Protein chains: 2
Amino acid sequence: MAKRAQVREPRRPPLVPPTKQQAILAAAHRVFVERGYGDTSMDAIANLAGVSKQTVYSHFNGKEALFSAIIKERCAQLLEFIPVEAATAAEPEETLRGLARRYLSLVLAPGNIEYFRVVIAECGRFPELAEAFYRAGPLQATNNLATLLAGMSRNGLLSVPDPEASARLFFGMLRGDLWMRRLLALGAEESNETVDRLVEQVVKTFLLAHCPTRSHIKLDGTRASVD
Amino acid sequence: MAKRAQVREPRRPPLVPPTKQQAILAAAHRVFVERGYGDTSMDAIANLAGVSKQTVYSHFNGKEALFSAIIKERCAQLLEFIPVEAATAAEPEETLRGLARRYLSLVLAPGNIEYFRVVIAECGRFPELAEAFYRAGPLQATNNLATLLAGMSRNGLLSVPDPEASARLFFGMLRGDLWMRRLLALGAEESNETVDRLVEQVVKTFLLAHCPTRSHIKLDGTRASVD
DNA sequence: GTCTATAAAAGGATAGAC
DNA sequence: GTCTATCCTTTTATAGAC
């Protein structure tokens, strides 16, 4: 552990001395995601940050620059939190289940839902932010899973002719109706049990479609009958 | 048919005489979905509609009422256009393929993507509109497919223990990554071929998971190994 | 850097004539 | 119902003192 105070602490500032800049960024993040870009005023940000409006302008060039800053900040966070599964050679079922759970808890987290909402809402005004977000979040997750699936396919654990397409299918199934409902702010009251059932259904469906013992059924897009 | 003019038509106004009210609604729809609620001004709507601002206020109580009107209007349209498949007893594969194609063309249509975006953006300010949209669109589609699947399950064509869950899974797979990219306004340049491949992959995956000859594999959420 | 005060513009809503 | 002109609030952004 870190060493304790030697005699006695004279008087400490808050644990993480929040600079004005940090306070502004935090306040901006909250107001932007809660009320949207159009309805957020620089006054509201300054008030919540506990600084004057001019201080906000001395740190950021304007409303657009501030918005851009908070979006890119969260993009960097996403890059760290995207689930990366060790390319384990162990049982695919358990690996996918774990990955599914962590992915769902990530994309359904209220903070990330709000964040997604505002990026969608402003993708017309800030197309480069929408692209940055997609790369840092969904694309990153898809690529990670595709790599994992390709490894499993080489090991003969699964049959995955197109890892990226299969990865997109996996995450698409997981988000599904639940994610859309959250985007619309409709009933976040789903029980953990509901989420668990979804995970099981998705994992089972995915494994059935990529089971190596039934690899004679091609899922590469060409038409083929089921038996 | 309606009876024709008896002698000759004297002089007709445009085929559908656009009333001021219709012009306002059309203009409001366009501006709201293009620029979002917060950045839409009543001036912009009045100008695009070719009327004065006061005329707008004489037809609608204010900005919120106008927004509410155009959202509900589109909800009513959705209710008519949601694909309803005749509860055919024919081959499930072809039925699902057709349904998938029409569902995708509906949810990926640029007008509907814009519409979805603005409903998501304003779900905090207009929660009742988000709910109305969900009922008229996604929920309606899910219920229709669930009914269809339940019928197929009764006929022994498929094994669908939980029709609603399976319907949500089907549409979730279809939307997937493609729909998210469209919501973010990223590259609507996917070829028809890409969409067709997705449809095939989804239909095949869905059928594999609900194949009656493998109904011993339960997909109701309880854990079960694959073979 | 930080604050108070203010400029300059835009937007929602209304008044009153026709 | 429709228009022109106007009110009043909010908002972005800046000036100038400390």
Side-chain angles (χ1 to χ4, degrees), chain A residues 13-14 16-73 118 121-122 124-126 128-129, chain B residues 13-14 16-73 117-119 121-129:
Chain A
V16 277
T19 67
K20 303 261 181 186
Q21 171 133 352
Q22 288 171 327
I24 293 168
L25 279 171
H29 195 145
R30 246 190 88 181
V31 182
F32 274 131
V33 300
E34 277 182 4
R35 311 183 28 177
Y37 181 86
D39 247 50
T40 292
S41 71
M42 297 296 265
D43 278 303
I45 293 172
N47 287 339
L48 185 58
V51 302
S52 77
K53 200 162 47 167
Q54 179 60 25
T55 300
V56 176
Y57 277 98
S58 77
H59 284 273
F60 299 94
N61 279 332
K63 191 177 173 182
E64 296 199 352
L66 186 49
F67 184 75
S68 182
I70 67 115
I71 297 294
K72 286 178 181 167
E73 186 191 36
V118 73
E122 302 306 328
R125 191 197 310 262
F126 301 96
E128 77 286 0
L129 293 184
Chain B
V16 276
T19 66
K20 303 260 180 186
Q21 170 134 352
Q22 286 170 329
I24 293 168
L25 279 172
H29 195 144
R30 247 189 87 180
V31 182
F32 273 131
V33 299
E34 277 182 6
R35 313 184 25 179
Y37 181 86
D39 247 50
T40 292
S41 71
M42 297 295 267
D43 278 302
I45 294 172
N47 287 339
L48 185 60
V51 301
S52 76
K53 200 160 53 166
Q54 180 61 19
T55 301
V56 176
Y57 277 96
S58 76
H59 283 273
F60 300 94
N61 280 332
K63 192 177 174 181
E64 296 199 353
L66 187 48
F67 184 75
S68 182
I70 68 115
I71 297 295
K72 285 179 181 166
E73 186 189 36
R117 241 180 244 141
V118 72
V119 174
E122 302 305 328
C123 69
R125 192 197 309 262
F126 300 96
E128 77 285 0
L129 293 184

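Model, not experiment: these values are computed from the prediction. Letters A, B, ... mirror the listed sequences (proteins, then strands); counts begin at 1.
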Shortest non-hydrogen separation from [X] to [Y] and the atoms involved:
X	Y	result
B/I45	B/A27	O-CB, 3.7 Å
B/F60	B/A69	CE2-CB, 4.0 Å
A/V31	A/A44	CG1-CB, 4.3 Å

Exercise for review: Flag the pair B/V51 / B/V56 as yes when at least one side-chain heavy-atom distance between them is below 4.5 Å, and no otherwise.
Suggested key: yes

Check your understanding: Are any side-chain N or O atoms of A/K63 and backbone N or O atoms of A/Y37, one a donor and one an acceptor, separated by less than 3.5 Å?
Key -> yes

**Study point:** Main-chain N/O of A/T55 paired with A/S58 side-chain donor or acceptor, under 3.5 Å
**Key:** yes

Review point. Which nucleotides of nucleotides 1-7 of chain D have their base under 4.0 Å from a protein heavy atom (B), which only their sugar-phosphate (S), and which neither (-), written as one string 5' to 3'?
Key: SSBB---

Review point. Got a sec: does the CG of B/N47 have more than 12 other heavy atoms crowding it under 6.0 Å?
Key: yes

Exercise for review: Inspect the surroundings of CG in B/D43 and state if more than 12 heavy atoms from other residues, nucleotides or ligands are less than 6.0 Å away.
Suggested key: yes

Using atom [atom1] of [X] as one end and atom [atom2] of [N] as the other, report the distance to the nearest whole Å.
X	N	atom1	atom2	value
A/N61	D/dT14	CG	C1'	14 Å
B/K63	C/dG12	NZ	C1'	8 Å
A/D43	D/dT11	CG	C1'	7 Å
A/Y57	C/dA7	OH	P	17 Å
A/I45	D/dT12	CD1	C1'	12 Å
B/D39	C/dG12	CG	C1'	14 Å
B/F67	C/dG12	CZ	C1'	17 Å
A/L66	D/dT12	CG	P	11 Å

Review point. Using rotation axes that map the C1' atoms of four end pairs onto the next four (five pairs an end), what angle separates the end axes of the helix from C/dG1-D/dC18 to C/dC18-D/dG1, to 10°?
Key: 10°

Check your understanding: How many angstroms lie between CZ in A/F67 and NZ in A/K72, if you round to the nearest 0.5 Å?
Key -> 11.5 Å

